[in-house]
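Quick caveat, the model's predicted, so the values are computed rather than measured. All residue numbers in this chain count up from 1 along the given sequence.
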Amino acid sequence: MTSPRPTQAGPGVHLESGGGAGPTVVFLHGSAASGAVWKPVTRELAGRRPDVGWLLADLPGHGRSRWQLDYSPDGYADAVAAGIRGHLGERPVHLVGHSLGAMVALALADGARGVSVASVLVIAMKVSWTEEELTRRAAAATRPIRILPGREQARELFGRISGMAGFAAADLDSGVAVAESGYRLSGDPRITAAPPAPPAALAALAARAACPVRLACGDRDPGIRYEELVSVLGRPVTVLANTGHNAHIEQPGLVANLVEQALR
C-alpha cells in the first residue's frame, strides 16, 4: 500500500489518495466532518484488498476544501465531480457516502457530470426532517464563528462535532484553520443555511442512477429509520447491528464488508 498523498484538484476540492492501482473507491463524508473520518475503513481495506485505491474527499465548505456559495446537491456534486475528473480522468469509481456525502454520491450516480460511477453505497442518509430539526439546522448557519486560543482546543471541538474524537492530531487538523487571534473550525457555517433536499428530490436522484445503488444504516441510529430509506429510495436496506449513525467509525469492519461487496 502506498502512503496517503494529498491532492488539490478541481475548484478547491481537497483529495487525499492512497491504496493500490486496482479499482478506486471515493469516500464522501457527512456534514461537519472531513475525508479523514474514513481512515478506519481504509485501514480495514488495506489489510483485505491492498489492490484497491481510494480517494478521501473533503466536501466543499468542509475540512481543507474551499467554501462556496452553492451547497445544494448540484453544487456539491459539480465541485466533487471536477475534483474526481482532475485526479482520475475517465477511470470508473465506486462511491461510498455517509449522510450528506451519501446525497452527493447519489447526485453523481447518473454519470451526467463526466464521472464514470460503477456503484454507489449510501450509508445513514437522512431522508426526512422534523420541524424542530429544520429550525436547529437553520439556526446553526447564523451562529458566529468561534475563535479558540489554542490548536488543541480547536482539535477537541472538531473531534466532538465530527465524531472523530480520539483520531490522530494530523487527522483532526483537517478540520482546523488558523484565525487572526487564534484557531477556528475550517468549515463554512453556511452549509446548513439552505433547507435539505426533500424526499421527492432524493427519490429522483436514486431513480436516475445509472449504476447499482446499495443502502445501509445502523440499527441504533436515532435519526434514521430504515423503513423510510426503503420507501423513499425504493431499494432494500442492509441494517448494521449494534451500530449508530457513524458506522464508519463505530464499525469500520462492517463498512469494509459492504465496500468489498460493491467491488465484486
Side-chain angles (χ1 to χ4, degrees), residues 1-7 9 13-30 33-59 62-64 80 83-84 87-89 91-102 104-106 108-109 115-125 159 162-168 170-172 174-175 211-218 221 237-264:
M1 184 184 76
T2 59
S3 299
R5 301 176 292 275
T7 304
V13 172
H14 184 277
L15 298 170
E16 182 177 311
S17 61
T24 300
V25 181
V26 179
F27 292 94
L28 304 173
H29 62 80
S34 72
V37 76
W38 292 102
K39 294 290 183 69
V41 176
T42 60
R43 285 193 290 268
E44 283 278 344
L45 285 175
R48 306 180 189 188
R49 290 286 305 269
D51 63 309
V52 172
W54 47 260
L55 286 179
L56 307 181
D58 288 357
L59 296 178
H62 295 74
R64 296 148 291 191
V80 172
I84 294 172
H87 189 71
L88 295 174
R91 286 182 58 190
V93 296
H94 298 266
L95 301 180
V96 178
H98 172 255
S99 196
L100 170 64
V104 180
L106 274 184
L108 292 166
V115 176
S116 176
V117 181
S119 71
V120 169
L121 172 58
V122 169
I123 302 173
M125 187 177 76
S162 66
M164 293 170 60
F167 275 52
D171 294 332
L172 295 173
S174 66
C211 64
V213 175
R214 296 171 174 84
L215 313 178
C217 68
D221 189 332
V237 176
T238 298
V239 179
L240 305 175
N242 303 313
T243 305
H245 185 62
N246 292 322
H248 48 326
I249 300 173
E250 302 169 35
Q251 302 276 9
L254 294 183
V255 173
N257 290 345
L258 296 175
V259 174
E260 284 191 290
Q261 291 171 20
L263 293 172
R264 291 172 186 157

>> Is there a side chain to side chain contact (heavy atoms under 4.5 Å, CB included) between Leu254 and Glu44? Walk through the geometry before answering.
In response: CA-CA 10 Å; Leu254 294 183; Glu44 283 278 344; over 6 Å; no
Does some side-chain heavy atom of [Y] sit less than 4.5 Å from a side-chain heavy atom of [X]?
{"X": "Val237", "Y": "Cys217", "answer": "yes"}
{"X": "Glu260", "Y": "Val52", "answer": "no"}
{"X": "Asp171", "Y": "Met164", "answer": "yes"}
{"X": "Ser34", "Y": "His14", "answer": "no"}
{"X": "His94", "Y": "Leu263", "answer": "yes"}
{"X": "Leu106", "Y": "Met125", "answer": "yes"}
{"X": "Leu258", "Y": "Arg214", "answer": "no"}
{"X": "Asn246", "Y": "His248", "answer": "yes"}

Measure the [atom1]-[atom2] distance between [X] and [Y] for me, rounded to the nearest 0.5 Å.
{"X": "Leu28", "Y": "Leu55", "atom1": "CG", "atom2": "CG", "result": "9.5 Å"}
{"X": "Thr42", "Y": "Arg49", "atom1": "OG1", "atom2": "CZ", "result": "15.0 Å"}
{"X": "Leu15", "Y": "Trp54", "atom1": "CG", "atom2": "CH2", "result": "11.0 Å"}
{"X": "Thr238", "Y": "Leu215", "atom1": "OG1", "atom2": "CG", "result": "8.0 Å"}
{"X": "Asp58", "Y": "Arg64", "atom1": "CG", "atom2": "CZ", "result": "4.0 Å"}
{"X": "Gln251", "Y": "Leu240", "atom1": "CD", "atom2": "CG", "result": "7.5 Å"}

> Does Asp51 reach the main-chain N or O of Gly22 with its side chain, forming a donor-acceptor pair under 3.5 Å?
Replying inline: no
> Between the main-chain N or O of Ala36 and the side-chain N or O of Glu16, is there a donor-acceptor pair closer than 3.5 Å?
Replying inline: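 No, the answer is negative, given that no donor and acceptor are paired below the 3.5 Å cut-off.
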>> Walk me through whether Val115 and Val26 qualify under side chain to side chain contact (heavy atoms under 4.5 Å, CB included).
In response: CA-CA 11 Å; Val115 176; Val26 179; over 6 Å; no
Minimum heavy-atom separation for [X] and [Y], please, with both atom names.
{"X": "Ala124", "Y": "Asp221", "answer": "CB-OD2, 3.7 Å"}
{"X": "Gly163", "Y": "Ile249", "answer": "O-CD1, 3.1 Å"}
{"X": "Thr243", "Y": "Ala241", "answer": "OG1-O, 2.8 Å"}
{"X": "Cys211", "Y": "Ala109", "answer": "SG-O, 4.0 Å"}
{"X": "Leu172", "Y": "Gly159", "answer": "CD2-CA, 3.8 Å"}
{"X": "Ala21", "Y": "Arg91", "answer": "O-NH2, 4.1 Å"}

> Between Trp38 and His98, how do the two ring planes meet: parallel, tilted or perpendicular, split at 30° and 60°?
Replying inline: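 Perpendicular.
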